[in-house]
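Below, each value reflects all heavy atoms present in this structure, side chains not excepted, and no hydrogens, waters or symmetry copies. From a predicted model like this one, the values you see are computed outputs, not experimental measurements.
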Amino acid sequence: MAEHDSSEAPLMLSVSGARGIVGKSMTPEVAHRLATIWGQHVASAQPSPLMILARDSRPSGPELSEAAAQGLCDAGCRVMSLGIAATPTVGVM
């Protein structure tokens, strides 16, 4: 993972997700790593869980979503990708 100056590009983790500056604190590598960690946590309680993945319409979405999906799969999860979807839709799924 590339080093970055966190004072210029903070990575924020909260209940609403991970937020960062694309190409600096939020990269495909970071998305993959976070998804793998989360997937391992969920898979430790339930083998082969189905994870729902969606994204917003920003240009960085496809690349970051693909990296996250791969991380979840690497952790032993099954992934259903909704593509571009609103947060309430993802919650219903």
Side-chain angles (χ1 to χ4, degrees):
M1 184 182 336
E3 292 294 319
H4 66 275
D5 181 352
S6 61
S7 65
E8 292 180 27
L11 181 63
M12 297 174 285
L13 302 175
S14 72
V15 295
S16 62
R19 303 198 182 272
I21 297 173
V22 174
K24 294 190 178 190
S25 58
M26 180 53 71
T27 64
E29 293 81 12
V30 170
H32 180 272
R33 188 176 191 182
L34 291 172
T36 301
I37 292 166
W38 177 244
Q40 289 170 339
H41 173 73
V42 174
S44 71
Q46 176 185 342
S48 192
L50 176 61
M51 305 293 278
I52 305 300
L53 183 66
R55 65 179 189 84
D56 62 20
S57 62
R58 285 179 267 201
S60 57
E63 185 177 30
L64 293 173
S65 181
E66 180 59 36
Q70 188 60 55
L72 291 168
C73 288
D74 290 349
C77 301
R78 296 172 295 133
V79 177
M80 176 185 290
S81 179
L82 302 180
I84 297 171
T87 302
T89 301
V90 179
V92 169
M93 291 301 295

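Remark: Met93 pairs with Ile52, Met80, Leu82 by the side-chain contact (heavy atoms from CB on, under 4.5 Å) rule, at least two apart or across chains.
Identified under the ring pair (Phe, Tyr, Trp, His ring centres under 6.0 Å) test for residues 40-84, with sequence neighbours left out: Trp38-His41. Every pair passing side-chain hydrogen bond (donor to acceptor under 3.5 Å, both in side chains) that includes a residue from residues 53-64 is listed here, sequence neighbours excluded: Asp56-Arg58. Within the structure, salt bridge (charged side-chain N to carboxylate O under 4.0 Å, His left out) pairs that include any residue of residues 70-83 do not occur (at least two apart or interchain). The side-chain hydrogen bond (donor to acceptor under 3.5 Å, both in side chains) analysis of residues 82-93, with sequence neighbours excluded, yields no pairs. Legend: ring pair (Phe, Tyr, Trp, His ring centres under 6.0 Å) pairs involving residues 45-73, not counting sequence neighbours: none detected.
Annotation for Ala67 and Ala31: closest pair CB-CB, 4.2 Å, computed over non-hydrogen atoms. When all heavy atoms are compared, the tightest approach of Ala9 to Ile21 is CA-CD1, 3.8 Å. The heavy-atom pair separating Ser25 from Pro10 by the smallest distance is OG-O, 3.0 Å. When all heavy atoms of Ala54 and Val90 are compared, the pair lying nearest together is CB-CG2, 3.3 Å. Contact between Pro62 and Pro59 at its shortest, heavy atoms only, is CD-O, 3.4 Å. Between Val30 and Met26, the shortest heavy-atom distance links the atoms CG1-SD, 4.2 Å.
Considering CD of Glu29 and CG of Leu34, their distance stands at 11.5 Å, rounded to 0.5 Å. Distance NE2/His32 to OG1/Thr27: 11.0 Å, rounded to 0.5 Å.
Considering only heavy atoms from C-beta on, Pro28 comes within 4.5 Å of Leu64 through its side chain.
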